Chemist: 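Handing you a structure now.
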Number of protein chains: 2
Amino acid sequence: MITLTEENYIKAIYHLGKYGKAMVNTNAIAEALETKASSVTDMVKKLSEKEYLNYKKYQGVVLTEKGKHIAVNIVRKHRLWEVFLVEKLNFTWDEVHEVAEHLEHIRSEKLINELDAFLEFPSYDPHGDPIPDKNGNFKNIDKIALSQSEISHIYTCVGVKDTSSHFLKYLDGNKIGLGTIIEVLHKEPFDNSVKIKFNATEMVVSQNVAKNLFLKEV
Amino acid sequence: MITLTEENYIKAIYHLGKYGKAMVNTNAIAEALETKASSVTDMVKKLSEKEYLNYKKYQGVVLTEKGKHIAVNIVRKHRLWEVFLVEKLNFTWDEVHEVAEHLEHIRSEKLINELDAFLEFPSYDPHGDPIPDKNGNFKNIDKIALSQSEISHIYTCVGVKDTSSHFLKYLDGNKIGLGTIIEVLHKEPFDNSVKIKFNATEMVVSQNVAKNLFLKEV
DNA sequence: ACTAATATTTAGATTAGTCTAAATTTATAT
DNA sequence: ATATAAATTTAGACTAATCTAAATATTAGT
Ligand SMILES: [Mn+2]
Ligand SMILES: [Mn+2]
Ligand SMILES: [Mn+2]
Ligand SMILES: [Mn+2]
């Protein structure tokens with residue numbers, strides 16, 4: 001049996017280990033879960049014992065296949081619930097995360113597969129993140145950050161990296177959302193800000209914004 | 001802050017105290033929650049401390065208004081989720097209880113009120129139990145058990161008392177469900193069995209069944 | 001009214017998850 | 001190479017929820 005807390009650790013480690021990084025270190029996990037490093041050490045020993053991950057003292061952890069499988073299933077549930085909340089219950093994309101954080105732990109194969117069908121097997125969640133299917137496969141779109149874009153090219157906005165309420169509300173306020181068509185007008189080398197144009201509006205966004213907005217060439 | 005376990009105790013006490021019974025006793029709670037009497041005593045002290053109920057040593061407990069409010073809210077969530085599972089996700093009425101047992105603890109005002117609206121404000125759950133509205137009011141239908149029925153009267157089946165999978169599957173197997181029109185043909189004094197007729201079918205049901213099937217005079 | 005059976009509470013132990021503070025290891029910087 | 005800083009682990013303590021076994025209170029039967 002796996003506990004809710006264990007699930008949260010495994011998911012956090014999965015997300016932290018996603019981009020490169022051979023090993024995920026203790027402090028990173030502690031920060032992600034808003035807990036203390038000493039608590040992480042304890043839990044990581046237990047998860048290692050249960051073979052959800054491999055743990056090298058003072059080095060960090062790597063999920064096993066068994067651990068990855070658990071993680072992907074939680075991500076699947078999290079993102080499907082997010083779609084449900086936005087599509088069916090009038091939640092905005094900045095409201096869904098907190099509730100999905102709890103719904104993701106409800107354990108019922110039938111529930112999640114029926115929900116998937118009810119939502120007509122969505123491939124992406126409200127933040128543009130891919131939703132694994134019931135076998136754990138997800139179609140990864142090849143997206144780039146706005147900061148990686150090329151001048152005078154035209155892109156569609158397909159996702160966000162930062163899913164915090166602050167950032168999402170900033171985008172809402174500026175009428176940028178998934179599907180928005182963006183032309184890159186200028187990239188300022190001095191502060192890495194980017195001048196963009198969309199729906200006849202021109203605006204300059206900071207490097208911070210540019211790094212957190214994902215695009216796909218149209 | 002109230003824990004998931006506390007919520008389960010409060011809900012169990014609410015259901016046990018519903019019919020008459022001034023006080024709910026320790027063993028009844030222990031049985032309902034499949035735990036030991038000593039655990040109940042501990043928890044009941046804590047809930048009393050937090051003013052969710054009044055506890056008289058060796059006598060039992062009664063929920064306070066504060067406790068009742070919590071209980072009704074959990075019941076509301078439980079029954080709304082049950083409706084969702086049946087209406088939208090193809091669950092049968094004997095499959096919903098277990099999952100709803102977990103979903104009922106998800107805490108989000110918006111979630112539950114939007115779900116309520118999405119389901120078009122249902123008044124009854126799949127077992128015929130009334131669903132409290134957001135203010136905690138529920139319209140109680142005046143129903144009687146089949147065992148209380150009168151000969152040659154005609155009734156509509158409006159609910160079940162026992163919501164166990166066993167009983168529900170028995171009803172399914174005999175094509176009895178909510179909405180079924182039933183005529184009472186004979187009541188056998190010897191064993192309290194009842195002979196009924198519905199959809200041109202005649203059958204005899206045991207006292208056990210007769211006590212767990214709720215009817216309303218048509 | 002007294003005894004026996006039943007119900008309930010207490011005492012003490014256990015497990016999961018967490019924390020602070022101290023000890024240890026690894027990384028960095030002269 | 002050595003000292004210092006940063007990261008990590010250990011030790012010991014705490015809370016929530018549970019259990020078993022023993023003690024105590026209530027109820028029922030004669
Ligand atoms: Mn979570
Ligand atoms: Mn998301
Ligand atoms: Mn529950
Ligand atoms: Mn029900």
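All chains are named by letter (A, B, ...) in the order of the sequence lines, taking the proteins before the strands, and each is independently numbered beginning at 1. All of these numbers come straight from a predicted model, not from anything done at the bench.
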Chemist: Within the 4.0 Å limit for protein heavy atoms, which parts of nucleotides 18-24 of chain D are touched? Write it as a string from 5' to 3', B for base, S for sugar-phosphate only, - for none.
Modeler: BBB---B

Chemist: Regarding A:Glu82 and A:Arg79, does a basic nitrogen lie under 4.0 Å from an acidic carboxylate oxygen?
Modeler: no

Chemist: Strictly below 4.0 Å: does B:Asn25 bring a side-chain N or O up to OP1 or OP2 of C:dA7?
Modeler: no

Chemist: Find out whether the Lys NZ or Arg CZ of A:Lys88 is both under 6.0 angstrom from the six-membered ring centre of B:Phe118 and within 45° of the ring's axis.
Modeler: no

Chemist: CG of B:Leu4 versus P of C:dA16: gap in Å, rounded?
Modeler: 18 Å

Chemist: Quickly, which of B:Asp94, B:Thr92, B:Asn174 forms a side chain to side chain contact (heavy atoms under 4.5 Å, CB included) with B:Lys169? Name it, please.
Modeler: B:Asp94

Chemist: Please state how far atom CD1 in B:Ile29 lies from atom C1' in C:dA7, giving the value in whole angstrom units.
Modeler: 13 Å

Chemist: Nearest-Å distance, OH (A:Tyr55) to C1' (D:dA7)?
Modeler: 11 Å

Chemist: Using OP1 and OP2 only, check whether a side-chain N or O of B:Asn27 sits under 4.0 Å from C:dT6.
Modeler: no

Chemist: Answer yes or no: is there an ion pair linking A:Arg76 with A:Asp116, defined by an N-O contact shorter than 4.0 Å?
Modeler: yes

Chemist: Can you tell which of C:dT9, D:dT8, D:dT9 lies closest to the side chain of B:Thr26?
Modeler: C:dT9

Chemist: Round to the nearest Å and state the distance from A:Gln59 atom CD to C:dT25 atom C1'.
Modeler: 10 Å

Chemist: Check this one for me: any side-chain N or O of A:Lys45 less than 4.0 Å away from OP1 or OP2 of D:dT9?
Modeler: no

Chemist: Going by an N to O cut-off under 4.0 Å, is there a salt bridge joining B:Glu98 and A:Lys110?
Modeler: no

Chemist: Does A:Lys11 pair with A:Glu101 as a salt bridge, N-O distance under 4.0 Å?
Modeler: yes

Chemist: Roughly how many Å is it from CD in A:Glu7 to P in C:dA16, rounded to a whole number?
Modeler: 16 Å

Chemist: Atom CG of A:Asn8 to atom C1' of C:dA16: distance rounded to whole Å?
Modeler: 14 Å

Chemist: Do B:Asn73 and B:Arg107 have side-chain N/O donor and acceptor atoms under 3.5 Å apart?
Modeler: no

Chemist: Between C:dT18 atom C1' and A:Glu6 atom CD, what is the distance in whole Å?
Modeler: 14 Å

